[in-house]
Amino acid sequence: MSLPSAIFFSKFNSFFDNSYEFSYNVTPLTMRKVKLLWNRIPDQLKRLLIPVILVIGLFIAMRHLFVPSDFGKYGHYRASAVEEVASKEIKYSGHRVCEECHDDIVEIKKNSYHRNVACEVCHGPAAAHTQDPEGNQLLAPTGRGYCPLCHEYLPSRPTGFPQIVSESHNPMRACISCHDPHDPKPPTVPKECEACHADIARAKALSHHVYLSCTQCHETPPEHKVRPREFRPKKPNNREFCGTCHSKDAPSPKEIPRVDMATHGERYMCWQCHYPHLPEVH
Amino acid sequence: MDKLIEHLWPILKQITGYIYPNEIELHWGILIVIYPYITGLVAGAFILASLVKVFNVKEVQPTYRLSLLTALAFLIVAPMPLLAHLGRPERSLEIFLTPNRSSAMAMFGFVYAWYLMAVLLLEIWFEYRRDLIIWAKEGKGLKKWIQRFIALFSTDTSEKSVEFDKKAVKAITVIGIPSAFLLHGYVGFIFGSVKANPWWSSVLMPIVFLFSAIVSGIALVLLIYMVVTLVRGEELDIVCLDKLASFLFYVMIVDFSLEALDFLHRLYESEESIKILAQLISGKLFTSLVVIQLLIGMILPLIALASVKLFKLPVELRKHIYFVSTLLIQVGIFATRWNVVIGGQLFSKSFRGLTAYKMTLGGAEGLLVSLGFLILPLLILYVLVKILPPWQVKVKISSN
Amino acid sequence: MDKIDFKIKRREFFGKFFFVAVSVLFPGALKGKKDEKGHFVRNTLREVSWGMGIEIDKCIGCGRCADACKKENDVPPYPFFFRTWVERYIILEGGEVIVDSPNGGVNGFKPRAEERKIIKSFFVPKLCNHCDKPPCVQVCPVGATFKTNDGVILVDSKYCIGCRYCIQACPYGARFLHPETRTAEKCTFCYHRIVKGLVPVCVEVCPTQARIFGDTKGRASPLVRFMRMNKIRVLKPYLNTEPKVFYADLDMEVK
C-alpha cells in the first residue's frame with residue numbers, strides 16, 4: 001500500500017475505533033459485532049465504497065445547488081415559468097380598448113357587415129397606440145391588395161360570403177373609393193347575383209341551365225340584395241316545379257330532356273339526385 | 001436570424017405533397033443516428049463478453065477483455081453526440097437533476113450511469129485489479145501511478161481476494177446482461193413509444209434494436225480482434241473466430257426474422273400510414289433501406305456466413321469472409337439506425353407528403369463532427385489498451 | 001349467492017350512509033379543500049380548462065389569425081415556424097385531395113388553377129390542441145413543458161434543453177425549435193392575454209368568428225354553446241391525446 005493511502009486508511013480505521021469509544025448508548029458487544037462484520041468485508045469493496053460515496057454525495061450536492069427553488073411547486077416544472085409566460089407584453093390591445101376613444105367609428109360600425117371585424121384586423125397591432133396615441137399612429141391599408149385577402153373569389157370560401165374577382169371588378173380603383181371599410185355597403189345594389197354567388201354562377205355556366213335566370217327558381221325579395229341573411233331567397237319545394245319543363249307533357253321546347261314524373265325517381269325530390277345548378281353531372 | 005435559417009430555404013423546394021409547415025426543419029439529424037449506433041455497439045460488445053463468464057463459452061475467451069474495453073470506449077462516447085445535438089447543451093444536467101419520470105429520455109441519465117458505473121467500470125475493475133497491482137509493481141513512472149490509482153491503491157493479491165474478484169465479476173455479469181438489454185432496449189423504447197410517428201411506434205422496436213445491437217457488437221469485436229491481432233503480429237485464434245462468427249450468424253438470423261416480422265406486420269395491418277410509408281420506402285429510403293441495410297448489410301453477410309457453415313472452406317478464406325462480412329454488417333447496422341431515425345422524420349405526420357434531409361459538412365451537427373464521434377471511441381480504446389492490456393503481457397498470469 | 005349479493009349491497013349501503021352522514025354533520029369536510037400551496041384541490045371548486053372551437057364553415061382562409069399570431073408572439077417571420085396556420089383542402093373529382101398552406105396562410109391564399117372539377121374545398125385553421133393528455137409533456141425529459149392548472153400547455157424557455165423530443169412526440173406538428181433561443185416553442189393560447197381577460201389574438205382578429213375561445217367547463221359561454229350546437233370532432237382522436245381544440249363540420253380528409 002502506498003504511503004498516503006496507508007495514512008488515509010489508518011485514519012479511516014481509527015475513526016471507527018474512536019466512534020466505538022464515543023458511542024455511549026451502544027453496548028460494546030454490538031459494536032464489536034459491527035467491527036467484526038466490517039472486517040469480514042473484503043478489502044476491495046471497502047475501497048470501492050469511496051468512489052461510490054463520492055458519486056452519490058456529488059449527486060445530492062448538485063441537486064441542492066442547481067435545482068431551481070420553485071421547481072415542483074405546482075407540478076413537475078418551474079413555478080415561475082407560468083408567470084414568465086403570462087407577463088409577456090401584449091401587442092394587440094383588443095377592440096374594446098379602441099372603442100373607448102373612437103366612438104364615432106363604433107357608431108358607424110354598429111350595424112354594418114363589418115361589425116364583428118375587430119379594428120386590429122385592418123389597422124394592425126394597437127397596444128402601442130393605446131399607450132401613446134400621437135406617437136404611434138396606426139395606418140390602414142388603402143390599396144387594392146388588402147381587401148381581397150378576404151373578398152377575392154376562392155372556391156374554398158364558404159358559399160354566400162361576399163367575393164369578387166378583382167381582375168374584373170373595377171380594376172385600378174382602390175376598394176375604399178367605393179366602399180367604406182367601416183360600413184362596406186355596395187355603392188350600388190349588385191345587379192347580378194354572381195357578385196356574391198360566384199361559385200354557383202361558375203357551375204351554372206357549364207350547364208344548360210345557364211340560360212335560366214336565378215329568379216326563375218329562386219323567388220327573391222328585393223331586400224335580399226341589401227340585407228342578404230335576413231331576407232333569404234326561396235327555393236322550389238316540389239317535384240312539379242321541375243316538371244313544368246321536364247315532364248312528358250310540359251309545353252317546353254322539344255330538346256329539353258323529359259322524364260315520366262309518375263315513375264322516375266320514386267319518392268325522391270329532383271334535387272336529391274340532380275344538382276340544379278349543374279344537372280348534367282351524375 | 002437570417003443566417004440561422006439559411007439551410008431551410010432549399011428544403012422548401014424538395015418537399016413533395018403536403019407537410020405541416022413546422023415539419024420543414026428535420027430535428028434529429030446524423031448525431032442522433034450515431035447515438036443508437038454507438039450504444040448498440042456497447043450493448044453488443046458487453047453481451048459478447050458475458051458469453052465467456054456466464055455461459056462459459058471457452059472459445060471466445062481471447063476476446064473477453066477486448067470486448068469489455070470496447071464497450072467502455074464506446075460508452076464514454078455515447079452521450080457526446082446527444083450533448084452536441086442539444087439546443088442548450090449547458091442545461092443538459094437538468095436531465096439528472098429534475099428527471100421527468102414519464103419521459104423515456106429522462107431515464108437515459110440513470111440507465112447510462114447505472115450501466116457505466118455499476119456494471120462496466122466495476123466489472124473491468126474486478127477483472128483487472130490483480131493484474132494492475134502486479135503491473136504497477138514492475139512498472140515505472142506515470143503509468144505505474146495511473147495503474148495504482150485505477151486499482152484504488154489496493155495491494156491484496158492473496159488467493160482469497162482474487163477468488164472474491166472472480167465471484168464479483170461473475171455476479172456483475174449476471175446483473176450486466178439485463179442491464180445491457182435495458183440500455184439498448186430503452187434506446188429502442190425512445191423511438192418505439194412515440195405514438196405520433198407510425199414508422200417508430202412499434203412494440204418490436206426495443207427488441208429489434210437489441211438484436212441489431214448484438215449483431216453490431218459481435219461484428220465489431222470480431223473486426224477489432226482481427227485488426228489488433230494482425231497489427232501485433234500474432235496468430236489469429238481461428239477457433240475463436242469460428243465461434244464468434246457462428247454466434248454472429250445465429251443472432252443475425254433472429255435479427256432478420258424480427259425485422260421481417262415487423263415489416264410483414266405493418267404490411268398486413270396496412271394502417272392509415274401505409275401509403276406514405278410505401279412511398280418513403282420505394283423512394284427516398286430505397287438506397288439506404290433496401291440496398292444498403294437489407295442487401296449489403298444483411299443478406300450478403302448472411303449468405304457468406306452460411307457458406308462458411310455449410311462448406312468446409314480453407315482457413316485463409318474464412319478469415320477473409322469474416323473480415324469483409326463484419327465490415328458490411330457495420331455499414332448495414334449504421335444504415336439501420338439511419339433508416340429509423342432519419343426515415344421516421346422524412347414523412348409528414350399529416351401522412352400527405354415527404355420532406356428532405358440535408359446534412360451539413362461543418363457545424364455542431366455536421367458530418368465532420370459526426371465522423372469525429374465515430375473515430376473518438378477507437379482512440380479511447382487505444383489508450384485503454386495501453387493502460388489495461390487485454391492480453392497477457394510480460395509475466396505470465398492466468399487471470400482465469 | 002343471494003346472501004353474498006345482499007352482503008355487498010349492505011356494504012355499499014353503509015358506505016353511502018357514512019358519506020351522507022359525514023357530509024351532513026361536517027359540511028366542510030368533503031368539499032372546497034385547499035392544499036398547502038393555497039391552490040384548490042381538483043373537483044372542489046369549478047375548475048377552468050381553456051379550449052377553442054373552430055367552425056370550418058365560417059373560415060374564409062384570410063389567414064389574419066396566422067399573421068396576427070406571428071406579430072403578437074414574436075414568432076420568427078419565416079415560413080418554417082408557426083404557432084397557428086391555415087390549411088386549404090381541395091377535393092377533386094375522382095377523390096384526389098390537394099392540401100396546401102403557403103407560408104401558413106399568413107399572406108392569404110391565391111386561386112389555384114385545377115385541371116379537374118372541384119367537388120368541395122374548405123380551409124382548416126390549425127394550432128396546438130392543448131391536449132388533456134399531452135404526449136409532449138409526457139416525453140419532456142426535464143419538465144420544461146407542462147400543463148398549467150387551467151389546462152394550457154406551456155414551454156419554459158429558460159429551462160428547455162432543446163432536445164426536441166416534444167417536437168417528435170406532437171402528432172399535430174404544432175411545435176418548432178426557435179432558431180435563436182434554440183428551445184421548443186408553440187401556441188400558448190396567448191396565455192399572457194387570457195390571464196388578463198382578453199381572448200387569444202387569433203380569436204380577436206378572426207373576421208368571421210370562426211374561432212371561439214373559452215372555458216370548456218363553463219356553464220354559459222360561446223364555446224360551450226358551440227360545443228352543444230354542433231357535431232364536433234377533434235384531430236386524430238385514435239391517439240387518445242384528448243385535444244381541447246374542437247372542430248365543427250370537419251371533413252374526414254383532415255389529419
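Chain letters run A, B, ... following the sequence lines, proteins first and then strands; every chain starts at 1.
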Legend entry - Gap separating the CD atom of Glu204(C) from the CZ atom of Arg96(A), nearest 0.5 angstrom: 8.5 Å

Inset, instruction - Give, as side chain, backbone, both or neither, the part of Pro125(A) having an atom under 4.5 angstrom from any heavy atom of chain C. - result: side chain

Inset, instruction - Any chance you could measure Tyr77(A), atom OH, to Thr145(C), atom OG1, to the nearest 0.5 Å? - result: 11.0 Å

Inset, instruction - Apply salt bridge (charged side-chain N to carboxylate O under 4.0 Å, His left out) to Lys70(C) and list each qualifying residue two or more places apart in sequence or on a separate chain. - result: none

Legend entry - Close side-chain approach of Val82(A) and Phe146(C), heavy atoms under 4.5 Å: yes

Inset, instruction - Answer with side chain, backbone, both or neither: which region of Val152(C) has an atom nearer than 4.5 Å to a non-hydrogen atom of chain A? - result: neither

Legend entry - Asn107(C) portion near chain A, given a 4.5 angstrom heavy-atom threshold: backbone

Inset, instruction - Return the option, out of Val121(A), Leu206(A), Thr159(A), with the maximum number of heavy-atom pairs under 4.5 Å with chain C. - result: Val121(A)

Legend entry - Region of Pro148(A) that comes under 4.5 Å of a non-hydrogen atom in chain C: neither

Legend entry - For chain A, which residues of residues 187-197 of chain C have heavy atoms nearer than 4.5 angstrom: Thr188(C), Tyr191(C), His192(C), Arg193(C), Val195(C), Lys196(C)

Inset, instruction - Please round to the nearest 0.5 Å and tell me the distance separating atom CG of Asp74(C) and atom NZ of Lys91(A). - result: 3.0 Å

Inset, instruction - Answer whether the closest heavy-atom distance between the side chains of Thr208(C) and Phe161(A) falls below 4.5 Å. - result: yes

Inset, instruction - Indicate the atoms forming the closest heavy-atom contact of Lys117(C) with Leu278(A), along with that distance. - result: CE-CD2, 3.6 Å

Inset, instruction - Please check if atom CE in Met229(C) has more than 12 non-hydrogen atoms from other residues, nucleotides or ligands closer than 6.0 Å. - result: no

Inset, instruction - Could you tell me the separation between the CZ atom of Phe122(C) and the OG atom of Ser156(A), rounded to the nearest 0.5 Å? - result: 9.0 Å

Inset, instruction - Counting only heavy atoms closer than 4.5 Å, note whether Ser80(A) contacts chain C via side chain, backbone, both or neither. - result: neither

Legend entry - Expected output: side-chain Gln209(C) to main-chain Asn116(A) donor-acceptor under 3.5 Å: yes

Inset, instruction - Select one option (side chain, backbone, both, neither) describing which atoms of Cys65(C) are under 4.5 Å from chain A's heavy atoms. - result: neither

Legend entry - Contact leader toward chain C among Ala86(A), Ala203(A), Gly94(A), Ala81(A), where contacts are heavy-atom pairs under 4.5 Å: Ala86(A)

Legend entry - Residue selection (most heavy-atom pairs with chain A, distance under 4.5 Å) from Val142(C), Ile56(C), Ile118(C), Asp67(C): Val142(C)

Legend entry - Top contributor to chain A contacts, counting heavy-atom pairs under 4.5 Å, from Val199(C), Asp57(C), Ile60(C): Ile60(C)

Legend entry - Enclosure of Tyr268(A) OH (heavy-atom neighbours >12, cutoff 6.0 Å): no

Legend entry - Worked verdict on Val137(C) versus His76(A) for side chain to side chain contact (heavy atoms under 4.5 Å, CB included): CA-CA 10 Å; Val137(C) 172; His76(A) 193 76; over 6 Å; no

Inset, instruction - Please state whether the side chain, the backbone, both or neither of Cys206(C) comes within less than 4.5 Å of a heavy atom of chain A. - result: backbone

Inset, instruction - Go through the atoms of Tyr153(A) and report whether side chain, backbone, both or neither lie under 4.5 Å from a heavy atom of chain C. - result: backbone

Legend entry - Pairs involving residues 156-174 of chain A, ordered by first then second residue, that meet salt bridge (charged side-chain N to carboxylate O under 4.0 Å, His left out) (sequence neighbours left out): none

Inset, instruction - Measure the CG-NZ distance between Leu154(A) and Lys110(C) for me, rounded to the nearest 0.5 Å. - result: 9.0 Å

Inset, instruction - Count the heavy-atom pairs under 4.5 Å between each of His114(A), Gln163(A), Glu152(A), His95(A) and chain C, then report the option with the highest count. - result: His95(A)

Inset, instruction - Measure from the side-chain N and O atoms of Glu120(A) to the backbone N and O of Val205(C), and report whether any donor-acceptor pair falls under 3.5 Å. - result: no

Inset, instruction - With rounding to the nearest 0.5 Å, note down the distance linking CD in Glu72(C) to OH in Tyr92(A). - result: 7.5 Å

Inset, instruction - Quick one: closest heavy-atom pair of Cys62(C) and Cys150(A), and the distance? - result: CB-SG, 3.4 Å

Contacts table for residues 157-166 of chain C: side-chain donor-acceptor under 3.5 angstrom, sequence neighbours left out:
{"residue": "Tyr159(C)", "atom": "OH", "partner": "Thr98(B)", "partner atom": "OG1", "Å": "2.8"}
{"residue": "Arg164(C)", "atom": "NE", "partner": "Gly162(C)", "partner atom": "O", "Å": "3.2"}
{"residue": "Arg164(C)", "atom": "NH1", "partner": "His27(B)", "partner atom": "O", "Å": "3.3"}
{"residue": "Arg164(C)", "atom": "NH2", "partner": "His85(B)", "partner atom": "O", "Å": "2.5"}
{"residue": "Arg164(C)", "atom": "NH2", "partner": "Glu365(B)", "partner atom": "OE2", "Å": "3.3"}
{"residue": "Tyr165(C)", "atom": "OH", "partner": "Ile190(B)", "partner atom": "O", "Å": "2.5"}

